[in-house]
Amino acid sequence: MKTGLVLEGGAKRGIYTAGVLDVLLENNILTDGVIGVSAGAIHGCSYVALQKGRSIRYNMKYGNDYRFMSFKSWLKTGSVVDTQFCYHELPEKLDPFDNETFQKSGIQFYVTCSNLDSGKAEYILCRDMFAEIDYLRASASLPLVSKIVEVDSKKLLDGGITDSIPLKAFESMGYEKNIVILTRPKGYRKKPNPLAWLSALVYRKYPRFVEAIYKRHNMYNDELDYVAQREKAGQALVLRPSRFIKVAKMEQDLNRVKEMYELGRHDAMTQLDKIKKFLAD
């Protein structure tokens, strides 16, 4: 039976996931596959590369560099995340990503992106993060504040628009037992996007993508319901923040970022025995 990790996004709130993943690495808990969306994919690739602590390290060191994520970057480059800095300088030089270990891990790593033409999610199997970094970038490129990412003749953006919690997709690939890491506390339900009308103007050439934006809250809430069903059936184990911490998408208070990371560690440690039993059964 193949085991998997399903990692939701959440911009800087996604550092919660990094805390959970670091605890898994410290306890030698590895799954057969990982599928990530946006920030979930960004932290998930460090897990596959066995680089414990990497995500929180570079977030704390570079989190307030305007090139990391800011409106200043958006004004200068057209994207809130500076592509050259975050997807090249940082992983290649400043805090090197261990691509060799990633490739040799044996863990299948999928990145979820939204295809603007089809309005549907695509699940990209990445075998070389340096060669396929643009898929990771696309998955984390938020609409309205990011340029469209063109890869292999596809126009892509944030995977969370079309499949925020890709548990059903991963199950269809044969991953029968999955740990699902969410970045919102229990009871959260997504509301309609108040900026959907603006997206309809900006992406008017892509009506199916616009439709996905308008329907995203329904898709997300339906996926939460599905996760709950699979959890009840014993086929999914869910970790989510045990308390609310206000972390903005482009949070500049590094103390809050660190607090969210530590909460992820705490929640994972609390459920460590349950996690081990779930994967062993």
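Remember, predicted model here, so these are calculated numbers, not experimental data.
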- Task: Please step through side-chain contact (heavy atoms from CB on, under 4.5 Å) for the pair Val149 and Tyr135, ending with a clear verdict.
- Result: CA-CA 8 Å; Val149 180; Tyr135 281 114; over 6 Å; no

Would you say [X] has more than 12 foreign heavy atoms packed within less than 6.0 Å of its [atom1]?
X      : atom1 : result
Phe71  : CZ    : no
Met269 : CE    : no
His217 : NE2   : yes

Using only atom types and a distance under 3.5 Å, with no angle test, would you say the side chain of [X] pairs donor to acceptor with the backbone of [Y]?
X      : Y      : answer
Glu231 : Ala228 : no
Lys147 : Thr77  : yes
Asp158 : Gly160 : yes
Glu223 : Pro166 : no
Ser38  : Gly40  : no
Lys61  : Asp95  : no
Arg184 : Lys190 : no
Ser139 : Leu136 : no

- Message: Are Tyr261 and Tyr16 an aromatic pair, judged by ring center distance below 6.0 Å?
- Response: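 No, they do not, as the ring centres are separated by 6.0 Å or more.
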
Answer yes or no: is there a side-chain heavy-atom contact under 4.5 Å between [X] and [Y]?
X      : Y      : value
Tyr123 : Asp163 : yes
Asp134 : Tyr87  : no
Arg265 : Val20  : no
Val227 : Val238 : yes
Leu224 : Arg189 : yes
Glu8   : Val37  : no
Tyr175 : Tyr110 : yes
Arg256 : Lys246 : yes

- Note on the structure: Quick note, side chain to side chain donor-acceptor pair (under 3.5 Å) partners involving residues 198-210, not counting sequence neighbours, are Lys155-Tyr206

- Item | Inter- and intrachain pairs under side chain to side chain donor-acceptor pair (under 3.5 Å), touching residues 42-52, at least two apart | His43-Ser55, Ser46-Arg54

- Task: Consider only side-chain heavy atoms of I, L, V, M, F, W and Y, link residues closer than 4.5 Å, and tell whether Leu182 and Ile245 are in one cluster.
- Result: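 Unlinked, Leu182 and Ile245 end up in two clusters.
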
- Message: Apply salt bridge (Lys or Arg N to Asp or Glu O under 4.0 Å) to residues Glu259 and Arg243 and explain how you reach the verdict.
- Response: CA-CA 11 Å; Glu259 186 181 4; Arg243 62 185 178 88; 3.1 Å; yes

- Is it true that Asp152 and Lys154 make a salt bridge, defined as a side-chain N closer than 4.0 Å to a carboxylate O? no

- What's the verdict on side-chain contact (heavy atoms from CB on, under 4.5 Å) for Leu239 and Val180, showing C-alpha distance, side-chain angles and the deciding distance? CA-CA 6 Å; Leu239 286 92; Val180 181; over 6 Å; no

- Task: Enter the distance from Ile35:CD1 to Glu171:CD here, rounded to the nearest 0.5 Å.
- Result: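 The CD atom of Glu171 is 11.0 Å from CD1 of Ile35, to the nearest 0.5 Å.
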
- Item | Asp98 CG to Gln103 CD distance, which is reported to the nearest 0.5 Å |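 If I round to the nearest 0.5 Å, the distance is 9.5 Å.
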
- Message: With salt bridge (Lys or Arg N to Asp or Glu O under 4.0 Å) as the criterion, how do Asp273 and Lys277 come out once you've worked through the C-alpha distance, each side chain's angles and the decisive distance to 0.1 Å?
- Response: CA-CA 6 Å; Asp273 290 340; Lys277 186 177 187 303; over 6 Å; no

- Which atom names give the shortest non-hydrogen contact between Glu251 and Val257, and what distance separates them?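 Glu251 and Val257 have their closest heavy atoms at CG-CG2, 4.1 Å.
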
- Message: Test of understanding: with side-chain hydrogen bond (donor to acceptor under 3.5 Å, both in side chains), list the residues that count as partners of Asp32, not counting sequence neighbours.
- Response: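 Result, side-chain hydrogen bond (donor to acceptor under 3.5 Å, both in side chains) vs Asp32: Thr3.
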
- Message: Pair Val210, Val202 - check side-chain contact (heavy atoms from CB on, under 4.5 Å), show working.
- Response: CA-CA 9 Å; Val210 170; Val202 174; over 6 Å; no

